[in-house]
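Since the structure comes first, as structure tokens, the remarks are kept for the end.
All figures in this text were calculated on a predicted structure; none of them were measured in a lab. Sequence lines set the chain letters: A, B, ... in the order given, protein chains first and strands last, and positions in each chain run from 1.
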Protein chains: 2
Amino acid sequence: MDFSGEHIFLVEDDQTLNFIVRDNLEQNGYKVTAVDDGQKAITEFEKDKFSICILDVMLPKKDGFTVAREIRKKDDHVPIIFLTAKSMTEDRIKGLSIGGDDYITKPFSMEELLLRIKVFLKRSLKPDNTDGIPVARRVGVYNFYFENLILECGDKRKTLTYKEAELLKYFCENSNKVLSRSEILMNVWGSDDYYLGRSLDVFISRLRRYLKDDPDIKILNLHGIGFRFNARLGKN
Amino acid sequence: MDFSGEHIFLVEDDQTLNFIVRDNLEQNGYKVTAVDDGQKAITEFEKDKFSICILDVMLPKKDGFTVAREIRKKDDHVPIIFLTAKSMTEDRIKGLSIGGDDYITKPFSMEELLLRIKVFLKRSLKPDNTDGIPVARRVGVYNFYFENLILECGDKRKTLTYKEAELLKYFCENSNKVLSRSEILMNVWGSDDYYLGRSLDVFISRLRRYLKDDPDIKILNLHGIGFRFNARLGKN
DNA sequence: TTCAGCGATTAACATTTCATTAACAAAACT
DNA sequence: AGTTTTGTTAATGAAATGTTAATCGCTGAA
């Protein structure tokens, strides 16, 4: 994903940190406006439109929260990430990251900051529509509702178990591709040993049974290598 | 449902937490009055009328329970949610909390706090509502008068408890959708632990019994995942 | 105050589900 | 042939769920 054009507002009084963060953000394709005290922050914020704000909590003149309040008066929705000192309340606020704002305790790594920025920007790009109607995949003659664990053929409905659904989904996402046994195990089971391998065989056997109404769907075995899932797929 | 206009009283001495919680509540359309010590809390509480109070237990000057008692003197019914440190033992908290209240241990997620607030507000809204014209929902062959807690099938009438009605309503609002156990618990109970999970099972069992006159209504379990409520719904 | 009644939670026990493991058969490769 | 890999079905055991009963805390009446 390309975030160029995203504009980040940075408020940090420590000159060194200010420079480093700014530089790193710019290296990553962001446009950055950086200031070093709370007073300037407020005047500067009014001049432009930002995608995200990064505020040091301890600032000369006006502290970060005051600045945050002023920002909120202008913009209800811009995400704010606070930079807080380690000493502050560490575990007391952990877990608060789900709400509108977030915080990072110093010292932090640039990777961490970049990651959080990415998460926020992604979130603001699309309204969270997670509770919409579950998407059906067409798998040959079947409809496969992964979220509901339903595999439907005409008016026959089969409710899959969670793991069956996971495996079928994985096959759909990698159809007509050779998948090694360990690749499948790592991606669906999360680990790989002999007995899980046998478990996989049991699941494959079961999926073949569920899918036998369409002769064009095949889970074929490559001896000693793995499997290939062949099917005509589509969205509804 | 729209809670805008609900006024929340927040007492939390930690500046970071105070700001973040306040900001998040405001983002969610609540009006918030926030103070940072027990002394101010008491003077401030007298000035206004609140729908719900969120009190940190450990406060400078006056601790949260003392504040709670003062609040109780003024208002018998306002719900109080305590924010407690993880270290506190369960029974100590329970012993100290006064009727009708709840507590959350830090660290907590904003999501969790918001859901609990929602559950409390829903509960306190109810009594005023009873004199409106009750709306019937059709649920299969049943009529469900949520406001009156009545489930009616032909001439048979069953009076539900408040929680039974809440759960059934939640199912109606999310029919034919997979609901995870914790999703249900968070939305109907406001929190999520093992024993509430068993409580949920008891309620499901009871709802199934109440609804068994219509064979097309199903609360079906997806093992290890949650439930799906299937029914033909409609308004009257 | 104590006591009965109610509703939610917790306990206790029964039942079901499902992934894994085992066991054996069939196929593929040496 | 002999060995390994895969297919299939059944047995196992742990965990999740279903169900009924006991318990707990609250409320309101006596």
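- Applying the salt bridge (charged side-chain N to carboxylate O under 4.0 Å, His left out) rule to B:Glu183 yields no partners; only residues at least two apart in sequence or on another chain are considered.
- Of the residues in residues 175-193 of chain A, those placing a heavy atom less than 4.0 Å from an atom of DNA chain C are A:Trp189, in numerical order.
- When the salt bridge (charged side-chain N to carboxylate O under 4.0 Å, His left out) test is applied to A:Asp213, the partners found at least two apart in sequence or on another chain are A:Lys156.
- Note: CG (B:Leu167) to P (C:dA8) measures 11 Å, nearest angstrom.
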Nucleotide N/O to protein N/O under 3.5 Å, stretch nucleotides 25-30 of chain C:
none

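- In this structure, B:Glu164 and B:Leu222 both approach DNA chain C, and ranking their closest nucleotides by distance from the 5' end singles out B:Glu164.
- Taking atom CZ of A:Arg206 as the reference point, atom C1' of D:dT8 lies 11 Å away to the nearest angstrom.
- The side chain to side chain contact (heavy atoms under 4.5 Å, CB included) search around B:Asp193 returns B:Tyr195, B:Leu196, not counting sequence neighbours.
- Residues satisfying the ring pair (Phe, Tyr, Trp, His ring centres under 6.0 Å) test with B:Phe203, not counting sequence neighbours, are B:Trp189.
- In this structure, A:Thr161 does not reach the C:dT17 phosphate: none of its side-chain N or O atoms is under 4.0 Å from OP1 or OP2.
- Here B:Glu44 pairs with B:Lys47 under the salt bridge (charged side-chain N to carboxylate O under 4.0 Å, His left out) rule; sequence neighbours left out.
- When the C1' atom of D:dT6 is taken as reference, atom CZ of A:Arg228 falls 17 Å away, rounded to whole Å.
- Counting to the nearest Å, the P atom of D:dA16 and the CZ atom of B:Phe227 are 13 Å from each other.
- The closest side-chain donor-acceptor pair between B:His7 and B:Thr33 falls under 3.5 angstrom.
- Regarding B:Arg209, its CZ atom lies at a distance of 11 Å from the C1' atom of D:dG18, rounded to whole Å.
- Under the salt bridge (Lys or Arg N to Asp or Glu O under 4.0 Å) criterion, the residue pairs touching residues 201-210 of chain A are A:Glu164-A:Arg206, A:Arg181-A:Asp201, A:Arg198-A:Asp201, with sequence neighbours excluded.
- Side-chain N or O atoms of B:Asn28 include one that pairs as donor or acceptor with a backbone N or O of B:Asn24 at under 3.5 Å.
- At whole-Å resolution of the value, CZ in B:Arg208 and P in D:dT17 are 10 Å apart.
- Here ring pair (Phe, Tyr, Trp, His ring centres under 6.0 Å) pairs that include residues 158-179 of chain A, with residues two or more places apart or in two chains, are A:Phe171-A:Phe229.
- For the salt bridge (charged side-chain N to carboxylate O under 4.0 Å, His left out) test, no residue two or more places apart in sequence or in another chain qualifies with B:Lys212.
- Taking a 4.0 Å limit (strictly below) on heavy-atom distances, residues 210-220 of chain B does not reach DNA chain D anywhere.
- One N or O on the side chain of A:Asp214 and one on the backbone of A:Asp216 form a donor-acceptor pair closer than 3.5 Å.
- Taking the six-membered ring for Trp and thresholds of 30 and 60 degrees, A:Phe82 and B:Phe19 have ring planes more than 60 degrees apart, a perpendicular arrangement.
- For the segment residues 194-204 of chain A, residues with any heavy atom less than 4.0 angstrom from an atom of DNA chain C are, sorted by number, A:Tyr195, A:Leu196, A:Arg198, A:Ser199, A:Val202, A:Phe203.
- Nucleotide C:dC6 holds its C1' atom 15 Å from the CG atom of B:Leu160, rounded to whole Å.
- Summarising the geometry, the separation between CG on A:Leu207 and C1' on D:dT9 is reported as 16 Å, rounded to the nearest angstrom.
- A donor-acceptor pair under 3.5 Å is formed between the side chain of B:Arg116 and the backbone N or O of B:Gly190.
- Under the 4.5 Å side-chain criterion, counting only non-hydrogen atoms from C-beta, B:Phe50 is not in contact with B:Leu10.
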